[in-house]
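Inspection log for the structure reproduced underneath, given as structure tokens.
Computed over heavy atoms, backbone and side chain alike; hydrogens, waters and symmetry mates excluded.
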Amino acid sequence: MKKVIVLTGPTGVGKTNISIALCKRFNGEIINADASQIYRHLNIGTAKITNEEMQEVKHHLLDIVEPHEPFSIKDYQIIGRKLIAEIDLPFIVGGSGLYIQALITDYNLDTKPRSENQYPELSNEELHQLLVSLDPDAASKIHPNNRRRVLRYLEIANERGKVEANPPHPIYDALVLCFIRNRTSLYERINLRCEEMFQNGWIEECIELRKNGVNLHQLKDIGYRLIGEYLDGNLSYKEMVEKIKQEQRHYAKRQMTWFRNKMNCTFIDLDETSIDEIITLIESFLKS
RNA sequence: GGUGGGGUAGCGAAGUGGCUAAACGCGGUGGACUGUAAAUCCACUCUCUCCGAGUUCGACAGUUCGAAUCUGUCCCCAACCA
């Protein structure tokens, strides 16, 4: 099996810096595993690496579609796997757990494209009842209020019968490192980095996006919608910044839950681990 | 110094005699998730030896079978008048 290295962790831990150091050391190339950084023009707000920061290290799957263009995890899976085949030593770097899973396991996505807005006339409860009749196991796993997921499960039930109950199997020999820090330290970093984003011109980026016809309110990526609110005068600057920091912290927390419970990974506390220790780890993985 | 107002769990804020360990919101924590994933959703959040018990609603002292809710004194807070 092909060897790949995955570097993941919650937003703000410091994946980017380390990934560059490691890629230079091992002559690797980076495949982005961050759902938001796929999009062009969303730079500052997604903490996308700059050209200078790349230091000649090759990056893939960054800036490949326009913000309004459709891009699915299925597309990601196809392109990503092709890249893995082409690159000698791929470093998959990013915090989108599901994307990583789709990339490095046999995660089944080969059905027809998603349909939209089914059953608008049904209530959450009715929808859930419908799912109970089609796939009771799946229904028991999901709360009726989670309409979006209930709809998706209904879709799966209609297309291929049942939601897959077993976890997917790896298709590569992957070393999965999840960088962490203690909560306080992580939250401080997130707050600080958020301030930096504004100093670096996040607002200007948003104004520019608007000029080019992007509807900030339609972007799912953290911050853009709130900056839209601020630009519309519905939110004070301070409120907006605080709220964005908070959403970033909440996101980091959700990521941690995923890594802990959905991913088979080695946790590395960056507050207590040197880069040399990480290098040693990778060296022994590559030799094995 | 004077007047009327206010002090409720980490924060904001309901509650104005029993149905109140105290609504709700935020924050925090844990969790779910095989396709919007930086998405979507759920649970817990006074304390403990946690299917039961113990301590709370500025402090103390009262009234009452029973008080966060009524009375008195005191301490703080913001506001207004001097």
P atoms of B:U3 and B:G54, separation to the nearest Å: 44 Å
Partner of B:C44 under the Watson-Crick or G-U wobble criteria, both distances under 3.5 Å, comes out as B:G28
With side chain to side chain contact (heavy atoms under 4.5 Å, CB included) as the test, pick out the partner of A:Ile31 among A:Val4, A:Ile84, A:Leu62. A:Ile84
Rounding to a whole Å, what distance do you find between A:Glu239:CD and B:C11:C1'? 16 Å
Atom pair CG/CG of A:Leu281 and A:Asp276 - distance to nearest 0.5 Å: 12.5 Å
Could I get the full list of ring-ring contact (aromatic ring centres under 6.0 Å, His included) partners for A:Phe26, not counting sequence neighbours? none
Expressed as a whole number of Å, how far does the C1' atom of B:C48 sit from that of B:A13? 28 Å
Counting any heavy atom closer than 4.0 Å, what does A:Tyr76 reach on the DNA or RNA strands: base, sugar-phosphate only, or nothing? nothing
Drop me the distance from A:Met54's CE to A:Thr16's OG1, to the nearest 0.5 angstrom. 10.0 Å
Under 4.0 Å protein heavy-atom contacts per nucleotide of nucleotides 25-32 of chain B, with B for base, S for backbone only and - for none: -SSSBBBS
I'd like to know if the side chain of A:Thr11 pairs up with that of A:Arg249 as donor and acceptor (distance under 3.5 Å, no hydrogens or angles considered). no
Can you list every ring-ring contact (aromatic ring centres under 6.0 Å, His included) pair that touches residues 153-178 of chain A, not counting sequence neighbours? none
Strand-adjacent residues in residues 220-235 of chain A, judged by heavy atoms under 4.0 Å from RNA chain B: A:Lys220, A:Asp221, A:Ile222
Please report the distance, rounded to the nearest Å, between CG in A:Asn145 and P in B:A43. 8 Å
Opposite nucleotide pairing with B:U36, Watson-Crick or G-U, both atom distances under 3.5 Å: none
Output the rounded distance in Å from CD (A:Gln37) to C1' (B:A38). 10 Å
Quick one, which residues of residues 14-21 of chain A touch RNA chain B with a heavy atom under 4.0 Å? none
Applying the side chain to side chain contact (heavy atoms under 4.5 Å, CB included) test to A:Trp258, which of A:Arg260, A:Lys262, A:Met256 qualifies? A:Lys262
Rounded interatomic separation in angstrom, taking CD1 from A:Ile156 and P from B:U40: 19 Å
side-chain N/O A:Ser36 vs B:A37 OP1/OP2, d < 4.0 Å: no
How many Å lie between CG on A:Asn108 and C1' on B:C33, as a whole number? 16 Å
Counting N and O atoms only, with roles assigned by atom type, does the side chain of A:Thr273 sit under 3.5 Å from a partner on the main chain of A:Leu270, one being a donor and the other an acceptor? no
Rounded to whole angstrom units, what separation is found between the CE atom of A:Met197 and the P atom of B:A38? 13 Å
If you look at every strand shown and take non-hydrogen atoms under 4.0 Å, does A:Ser96 touch a base, only sugar-phosphate, or nothing? sugar-phosphate
Show me the pairs that pass side-chain hydrogen bond (donor to acceptor under 3.5 Å, both in side chains) and involve residues 93-103 of chain A, at least two apart or across chains. none
